[in-house]
Every structure is written in structure tokens, then in C-alpha cells.
There are 2 protein chains.
Amino acid sequence: MTNKNVFLKKLCMTRSEENYIKIIFHLGGNTSTLISTNAIAEQMATKPSSVTDMSKKLAEKGLLHYKRYQGVTLTELGVKVALSIIRKHRLWEVFLVEKLDFTWDEVHEVAEQLEHIKSEKLIDQIDALLGYPKYDPHGDPIPSKDGEFLERDKQLLSDMPKQSIGVCVGVKDTSTPFLKFLDKNQIALGNTIKVLDIEDFDQSLSILINNKKLNISHQIASNLYVKKQN
Amino acid sequence: MTNKNVFLKKLCMTRSEENYIKIIFHLGGNTSTLISTNAIAEQMATKPSSVTDMSKKLAEKGLLHYKRYQGVTLTELGVKVALSIIRKHRLWEVFLVEKLDFTWDEVHEVAEQLEHIKSEKLIDQIDALLGYPKYDPHGDPIPSKDGEFLERDKQLLSDMPKQSIGVCVGVKDTSTPFLKFLDKNQIALGNTIKVLDIEDFDQSLSILINNKKLNISHQIASNLYVKKQN
DNA sequence: ATAAATTTTTAGACAAATCTAAAAATTGGT
DNA sequence: ACCAATTTTTAGATTTGTCTAAAAATTTAT
């Protein structure tokens, strides 16, 4: 048994604590990014005052660093805990889709419950049963027992072929004009985008997003990351 | 969807409430047996005063009948809820043993967690994946979606006469030491057991199992259920 | 039948996780 | 640098499930 797992075993965490750690990880993902109280509150669908209370408790437990009015960062231990929860969540998602015929939109709610089941043997056996998958049904990477994982293969929208479908996962250019353009056109993280056509003349794209057809320039498309489906 | 399932869907129950209902069912099993506050407290490993509080709450919700100083009985709805929890618990136990190589003594703790996962589709698909089993790994019957189940015609090994043959179908004692003993001696559900001899002095038995002769105490034999062969 | 023993309930407290409302600190615009 | 807006924290309350200690009801024994 690794050193990490000894720590995880000793730590007894409530469901609520685990959800905070998971959300904080998703908002930052490492030990150096400061996450604000309000951002956490919004993701947790709770009030900032509740977040402050929980931040103090989790800092007390050594899972994050907290400084008044500054925000929090995960400790190394906090990252390990987050990865172990995410590992469980994503493995359960694969299980539900592969073994129990769940559709992609049905898995999340159930996986949110299953990720809190406490049994090392359980999740390791599920992992084995599934053949040690590397990605979940949404294409997100599944951390190994030791917390290692491969970042998913995302690509620029401009590199997608005609008729392909992807989910918007990030931007390359982070300038204000570009982000404003995205806002104005209601292009947001998580949106599904289908490439309808690519114009030979200027490589501009005709895409389907939010059930609406939209034409965007090659320059726009070459600054949007998508995760290709299938 | 049956009427019952409509009710179960509307009822939102906490984990603690579900555990009370399950324990009360195990102590009585029907709508007419009065269960005492102390008995529940002992099984729940809690104090009688806590049981009183919870009894009032569950009566309020229509799951049981409660009269001061008398005890409680389950309502019809309470029985249905209990059966649905027991169904989940036992199906998960089969899953853990059949699909994930858990041993008899490892399943209980994890099934205690899994039985509270809320998803009708999840448990129905697990049921299908397992081929709609009728009995769990301890030989206890699994209620159907409609709450019906067949108690098995079984008897204690200690009540079998010399030279009789039976098939192991369950255990009376489900404690870890007993289950570990069975694992160690390769006594498992489905094994055929022949009673070779019964010692007058201490009622210990000499049995034939897996084509091997084995001596077991009367105490062991009185905690093993077998189904007698014609 | 009545006193003693037991069981059950009540009353009041506590911990966890949340909330609201108000106070304090930080940030941003001019 | 200062005022206004925003963010964050504090203080105090609420809910759920539990506890202890004491009171009340029931059961048992003589």
C-alpha cells in the first residue's frame, strides 16, 4: 500500500466535505491556484458564509490552505483526496454506461452518489472489471490509484472535419475581445458543436450550436478547444 | 409503474430513516408485530430516547404506527419501503460476490452503503445483469420489485439425520468469524454436504464436502442451513 | 395490590451543515 | 488616494440526529 493510501484511509470525510474538495479541484486543479469563496459557493449552490465555515474546517484537517479574504488552495493531500473522488466518479460512469446501459445524460446523478461509497476493494474491482479504462464516457481522463492521469485529447475546432461533433472545453486566446465575442454568440463551455460545413475559400465554418446555425471565421475556430465525441 | 413505486418515488428518506425501517422490519417483518423501543435501540446501536424521536418522525411520515409506551408496528407503506431496501442490499451482495470476487464476510459492510443509493434504473439493471437472482449469497431471499419473495424450504444441518444429504443454502449466524471459518474450510453456497456421522458425546458432525471428510462442531452445524435432498 | 424494577418519554444540550443579516476587508474607478 | 461596489467574514439562528439525565408509565414480584 502506498503512503498516499494510508493517509486516505485514516482521513474520514463526510459527503459534504468530499463535495467541497471535488468542486475546489474542478475550479483550480492544483496546489497553487487561489479559489475564491464566491466561486465555490456558486458551484456548490450554497452561500458564501457556508463556504467560509467549511474552508476553516477543511484547512484544520490539512486538506487546504485558507487565508481570510484571500481564498483557498488545495494542499497536496487535498489534491490526492480530490483525485480519488474523481477516480471513483468516472469509473462508476464507465460502469453505468458499459455494464448497465445507462445513457450519457443519466450517469452523472447516480455517479454523484456512488463516488462517496467507501471501499478500496470495491473501486479497484470495478476498475478491473472494466479493464482499467483511461477515459470516462465524456472523454475525461480517469486518475489511476496513484493519482496519475493523462489529459484528454482536446483539439482546435478548426482541426475538426465536416460533420464531426465536439463539446467546447476551452479557449486558446483569452483576450477580452474574443471572450466578448463568445458571450455575444452564446458560445460557452460545455456546448455541443457540430461542424456543418467548411468553406473552401476562407476556411470559415458553419456550425450548429444550441440548435442554431452559426457562421464563424477560421480565426475564431482556431482559438476554441473542443473534445471530439466518440 | 405500480402504485407502490409511485409512493416510494415521492417519499424522500434519509439514510438514517431507511436504517430504522430496515431494522424494524428485521425485528418484526410485518404490520402486526409490536416492536419495542429498546429492541430497536439495541439493533441501531443508539439510545432509546433517539428511537422515540425517530419513531415519531416516521409515524408522521406514515411509515409506522406509534403509540406512547407501546412500541411501533410498520404500516403497509413501511413494509414496502423495508422490502425495497432489503431488495437493494441483497442484490448488491450478489453483485459483489458474483462480479467482483468479494467473499461472504466482505460483502455486508459495502452493501450497507450501496443499499441507500437512489436510482430505480440502477437496481433494476443490476438485477438484470445478475439474471434476476432469487437468493443472496447467504441464502436469503431477494424481494422482487413488487415486494414478493419466497422463503426457502431449509433446515439446520444440525437437524439432519446420519447419512442424509443436503445442499448448503444459507447461514443463520452472519458474523465475520463464522463466515471466515466457512471460507477457510471452503464451505460455500451450493456445496453438497453428506452427514457421515454424529458423535453421541458432543453432537459434533463428520461430514463429506467437496469430496473431503471434515469434522465440525455442533455449534457450526446449528448455524448452517441446508436444503435436504429427496 | 402495591412496591420495585424496567421501559419509555421528555426536556434540554450538542455537533454538523446550513441559512440570514450585518459588519469588515478588499478591490476598482476616477 | 478615496469612495463605492463587491467580496468575505462574523454572529446568531435553524434543522437533523444524536446524547444525558430526570420524569413518567408500564411491568413484575411479592
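The figures here come from the full heavy-atom set of this structure, side chains too, leaving out hydrogens, waters and symmetry mates. Letters A, B, ... mirror the listed sequences (proteins, then strands); counts begin at 1.
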Hey, is the side chain of B/Tyr20 poking within less than 4.0 Å of OP1 or OP2 on D/dT16, counting only N and O atoms?
no

For a 4.5 angstrom cut-off between non-hydrogen side-chain atoms, does A/Leu74 reach A/Leu63?
no

Expressed in angstrom and rounded to an integer, what is the separation of B/Lys67 atom NZ from D/dT26 atom P?
12 Å

For D/dT6, take OP1 and OP2 only and decide whether either is under 4.0 Å from a side-chain N or O of A/Asn38.
no

Please report, rounded to the nearest Å, how far the C1' atom of C/dT18 is from the CD atom of A/Glu17.
14 Å

Check: A/Tyr20 ring centre within less than 6.0 Å of A/Tyr66 ring centre:
no

Would you say B/Tyr69 reaches C/dT10's phosphate, i.e. side-chain N/O to OP1/OP2 under 4.0 Å?
no

Quick check on DNA chain C: between B/Ser55 and A/Arg15, whose nearest nucleotide comes earlier from the 5' end?
B/Ser55

So how far is it from A/Asp101 CG to B/Leu129 CG, rounded to the nearest 0.5 Å?
9.5 Å

Between P on C/dT26 and CD on A/Gln70, what's the gap in Å once rounded to a whole number?
8 Å

Kindly write out the residues that satisfy side-chain contact (heavy atoms from CB on, under 4.5 Å) with B/Gln70, not counting sequence neighbours, or none if the list is empty.
B/Lys67

Looking only at side-chain N and O atoms, does B/His89 offer a donor or acceptor that is under 3.5 Å from a partner on B/Glu115?
yes

Judged by atom type as modelled, is there a donor-acceptor pair below 3.5 Å linking the side chain of B/Ser55 to the main-chain atoms of B/Val51?
yes

Give, ordered by number, those residues of residues 41-54 of chain A having at least one heavy-atom distance below 4.0 Å to an atom of DNA chain D; if nothing qualifies, reply none.
A/Pro48, A/Ser49, A/Thr52

Does D/dT7 have its OP1 or OP2 closer than 4.0 Å to a side-chain nitrogen or oxygen of A/Ser36?
no

D/dT10 OP1/OP2 closer than 4.0 Å to side-chain N/O of A/Lys56:
yes

When the distance from NZ of B/Lys61 to C1' of D/dT16 is rounded to whole Å, what number comes out?
11 Å

Side-chain N or O of B/Arg68 less than 4.0 angstrom from OP1 or OP2 on C/dT10?
yes

Check the surroundings of atom CD in A/Gln186: do more than 12 heavy atoms from other residues, nucleotides or ligands lie under 6.0 Å from it?
no

